[in-house]
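Throughout, a chain's letter reflects where its sequence line sits, starting with A, and its residues are numbered from 1.
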Amino acid sequence: MKVKQTKREGLPELKNATKGSVVLRFAPNPNGPLSFGHARGLVINSSYREMYDGVLILRFDDTDTKVKPPMMSAYAQIEQEATWLMGRGPDRVVIASERMEHYHQHAKEMLSQGFGYVCTCSAEAFREHRVNKTECPCRPNNVAENMERWASMLNGTYQQGDAVVRVKTDMKLKNPALRDWPALRIQDTKAHPHPRPNVGSRHTVWPLLDFQSAVEDHLQGVTHIIRGKDLMDSTRKQTLLYEHFGWTYPETMYWGRVKVHEWGGFSTSAMRKNIEAGEFTGWDDPRLPTLAGLARRGITAAALRGFWTELGITQKDISVPLSTLYSHNTKAVDDQAPRLSFVRHPQRLDLNAHDAATVLQFPIHPNHPDQGQRRWELNTTGIWLEPEDAIKGDVRLKEYADVRIENSKAALVSLDRSDRRPIVHWLPEQHAVEAVLMSTSGGEITAIEGLIEPHNHPVGTIVQLERIGYAKVMEDGSFFLCHERTTESV
RNA sequence: GCUCGUAUAGUGUAGUGGCCCAUCAUGAAGGACUCUCAUUCCUUCGACCCGGGUUCAAAUCCCGGUACGAGCACCA
């Protein structure tokens, strides 16, 4: 008997993993709030935490005060956003800048055991050595000398740029990236203090990512690292360090680069600049691919989880259309979204409703009568229609009646459906309040004036505007279209 | 330039030598249901980068090519 092939559900098994003893980590730089891409690390790592009943560490890699300076408000925001996305908080939070003594101690150990050295060559000079596979003059220095130079790094004799601590690997390694890589450097924290008040200018010798991350992973007992494949060489560098220390490196998996068609590339630093320049209203500007921005326009955590889980952890570099995310969001949102009638650019028509019912009643959600009923009272003869529908001639006013439109007048034909004429959404003249539908399109925020049926859905509710799409109720009562349309009929 | 990695339908993804004329989702087209251009359901369309090799047997292993991406920062 042939067994039909099936697609694996969810994420693949972790190598060398036993339930209950898996330790994972997600390590962002708090130089801004989380963005769409960060969600991948959160979703994947947290799924594995659930699968293996493991521990997930949120680690702030905030060891650069100049190139990518941390943002004080980002720490709390990132933890909150991560919790929102994962549906559960991290098991442990680690802040690198507050664990400097561990990094210093390990640097010292590295020097005293002779597998590290203090190098005073300029970056350019060392680059020459790296490409030519030659040893720099500092490399043969003995332990005593290295300890002395280490002291000079710590006490300020050496200034920023004067010296780094390198891990002794092998200058003849095939991969140039691995040759005696830098582990710690000096930062002028007087000029660029760390934003955390208890850190500030206290330290001048700071670890670089590869060293800090490697030491911290070991200290925290991390068993599995899942990260971008841009960090593949980091794994190799860190493995060399682990060998020196006699540690075992965690299992590692990588994912490739993801681009979203509509967004192209973006970076936290670039967004920060544009926000400061006033091009965006803030980190939660709905045009921004930040978690805050996406959440603001009604993209749910469940949609993000579904999206990233479906992409999995392949090393392929991919480009995905936003519609993929939207389809996940539709699935997450539709079943609960109350229906509302919103008429864009309303046009008033007279309706000769001589025989009409005066009260209409129909469900808030067609698939869920238990959500209650909508109740429209018809006490005048005016109705509102979208201009596009008002020229269609024979239409059916949804949940009410078939009408014929001629010369800006609508004539009631039948209360029951008499044929297959198109059904349009509409509003009774008195049962409509002014409203605005906001949306993003092509990097702009646009507003469409219109009328909405009265409702009391609280701020934040994701509703479905019939025949238009899902929208979120905003603080000011306006609606924000969740899924920007490619073919917008504004 | 050196090093590393990846290549399955339009877009993603499953598949680790025979159950593969290749999975699932999304998309497109058609249809059913429905007083929404929503949801749900059904049908159809559509792919193993190229060339060699190993093998009785290759999407799956090996070699070469090509394409794309990443690293070679005193950034993360």
Using atom CD of A:Gln361 as one end and atom C1' of B:C35 as the other, report the distance to the nearest whole Å. 15 Å

Under 4.0 Å between any heavy atoms, over every strand shown, what does A:Leu209 touch: base, sugar-phosphate, or nothing? Just pick one. base

In whole Å, I'd like the distance from the CH2 atom of A:Trp308 to the P atom of B:U13. 11 Å

Looking only at atom P, what distance separates B:G5 and B:U23, rounded to whole Å? 31 Å

Tell me whether the side-chain N or O atoms of A:Arg396 pair up with the base of B:C35 as donor and acceptor below 3.5 Å, since no angle test is needed here. yes

Of all heavy-atom pairs linking A:Phe60 and A:Ile95, the shortest is CD1-CG1, 3.8 Å

How many whole angstroms separate atom NZ of A:Lys172 from atom C1' of B:U3? 17 Å

Reading RNA chain B from 5' onward, which residue's closest nucleotide shows up sooner: A:Asp210 or A:His425? A:His425

Could you tell me whether A:His194 and A:Trp206 have their ring centroids closer than 6.0 angstrom? yes

Compare side-chain N and O positions of A:Arg185 against OP1 and OP2 of B:C75 and report whether any pair is under 4.0 Å apart. yes

May I ask you to check whether A:Phe36 and A:Trp308 place their ring centres under 6.0 Å from each other? yes

Choosing from B:U6, B:G71, B:A76, which nucleotide comes nearest the side chain of A:Gln315? B:U6

Between atom NE2 in A:His129 and atom C1' in B:C2, what is the gap in whole Å? 18 Å

B:A76 phosphate, OP1 or OP2: any side-chain N/O from A:Thr268 under 4.0 angstrom? no

B:C61 and B:A14, which share atom name P, separated by this distance in whole Å: 15 Å

Would you say A:Arg149 and A:Thr120 are linked by a side-chain donor-acceptor pair, where the criterion is simply a distance under 3.5 Å? yes

Write down the distance separating the C1' atoms in B:A7 and B:G15, rounded off to the nearest Å. 15 Å

The side chain of A:Lys316 lies closest to which of these nucleotides: B:U6, B:C72, B:A38? B:U6

For A:Lys398, report the nucleic acid contact type (base, sugar-phosphate, nothing); a contact means any heavy atom under 4.0 Å. base

The answer to which of A:Leu311 and A:Ala401 contacts RNA chain B further toward the 5' end, by nearest nucleotide, is A:Leu311

Spacing of the P atoms in B:C21 and B:A28 (rounded, Å): 30 Å

Reckon A:Arg179 touches a base, only the sugar-phosphate, or nothing at all at heavy-atom distances under 4.0 Å? nothing

Show me the protein contacts with nucleotides 26-32 of chain B, counting only N or O atoms at under 3.5 Å.
residue, atom, partner, partner atom, Å
B:U26, OP1, A:Lys331, NZ, 2.8

If pairing means Watson-Crick or G-U wobble with both distances under 3.5 Å, then the partner of B:C45 is B:G27

Salt-bridged, A:Arg344 to A:Asp389, with N to O below 4.0 Å? no

Taking everything shown except A:Lys66 itself, do over 12 heavy atoms lie less than 6.0 Å from its NZ? no

Mind running side chain to side chain contact (heavy atoms under 4.5 Å, CB included) on A:Arg339 and A:Arg374 for me, showing each step along the way? CA-CA 9 Å; A:Arg339 269 49 174 174; A:Arg374 294 193 260 170; 3.5 Å; yes

Check every strand shown and say whether A:Ser341 touches a base, only sugar-phosphate, or nothing at a heavy-atom separation below 4.0 Å. nothing

Contact class for A:Ser319 (heavy atom, under 4.0 Å): base, sugar-phosphate, or nothing? sugar-phosphate

CG of A:Asp180 versus C1' of B:C72: gap in Å, rounded? 14 Å

On the nucleotide B:A25, are OP1 or OP2 found under 4.0 Å from the side-chain N or O atoms that A:Arg8 carries? no

Mind checking if A:Pro321 touches a base, just sugar-phosphate, or nothing, with heavy atoms under 4.0 Å? sugar-phosphate

Can you see whether A:Phe115 has A:Arg166 sitting over its ring - NZ or CZ less than 6.0 Å from the centre and within 45° of the normal? no

Which of B:C4, B:C35, B:C24 is nearest the side chain of A:Lys7? It is B:C24

Considering Watson-Crick and G-U wobble pairs with both distances under 3.5 Å, what does B:U55 pair with? none

Considering only B:G71, B:G69, B:C24, which nucleotide approaches the side chain of A:Arg257 most closely? B:G69

Verify the distance criterion only: is there a donor paired with an acceptor across the side chains of A:Glu216 and A:Tyr103 at less than 3.5 Å? yes

Nucleotide opposite B:U3 in a Watson-Crick or G-U pair, distances under 3.5 Å: B:A70

Determine which nucleotide pairs with B:A32, using a 3.5 Å limit on both distances of a Watson-Crick or G-U wobble pair. B:U40

Among B:U36, B:C74, B:U11, which is the nearest nucleotide to the side chain of A:Val164? B:C74

In plain terms, say whether A:Lys229 and A:Asp317 are close enough for a salt bridge, that is, a side-chain N and a carboxylate O under 4.0 Å apart. yes

Considering only heavy side-chain atoms of A:Thr314, the closest of B:U36, B:C75, B:A14 is B:A14

Within this structure, what is the OH-to-P distance between A:Tyr470 and B:C37, rounded to whole angstrom? 12 Å

Length of the CZ-C1' vector between A:Arg467 and B:U39, whole Å: 16 Å

For A:Asn367, answer base if it contacts any base atom (sugar-phosphate contacts may also be present), sugar-phosphate if it contacts only those atoms, and nothing otherwise; contact means non-hydrogen atoms under 4.0 Å. base

Checking all strands, does A:Glu399 fall into the base, sugar-phosphate, or nothing category for heavy-atom contacts under 4.0 angstrom? base

From the candidates B:C74, B:C75, B:A76, the one with an atom nearest any side-chain atom of A:Lys68 is B:C75

Taking the same atom, P, in B:G64 and in B:G69, what whole-Å distance lies between them? 22 Å

Nearest to the side chain of A:Pro176 - B:C4, B:U3, B:U36? B:U3

Check: A:Asp334/A:Tyr470 side-chain N/O donor and acceptor closer than 3.5 Å: yes

C1'-based separation of B:A70 from B:A38 [nearest Å]: 42 Å

Kindly point out which of B:U39, B:U13, B:U3 is positioned nearest to the side chain of A:Thr330? B:U39

Closest listed nucleotide, where the reference is the side chain of A:Ile423 and the choices are B:C35, B:A76, B:A38: B:C35

Would you classify A:Gly256 as touching base, sugar-phosphate or nothing, given that sugar-phosphate means primed atoms plus P, OP1 and OP2, and contacts are heavy atoms under 4.0 Å? nothing

Please measure how far the P atom in B:G12 lies from the corresponding atom in B:U55, and state the result in whole Å. 37 Å

Between B:G65 and B:G30 - C1' atom distance, rounded Å: 43 Å

Pairing partner (Watson-Crick or G-U wobble, both distances under 3.5 angstrom) of B:A14: none

May I ask you to check whether A:Asp180 and A:His129 show a side-chain donor-acceptor distance below 3.5 Å? no

Could you tell me how far apart A:Asp334 (CG) and B:U39 (P) are, to the nearest whole angstrom? 6 Å

Using a heavy-atom cut-off of 4.0 Å across all strands, would you classify A:Leu231 as base, sugar-phosphate, or nothing? base

Select base, sugar-phosphate, or nothing to describe what A:Tyr254 touches, counting heavy atoms under 4.0 Å on all strands. nothing

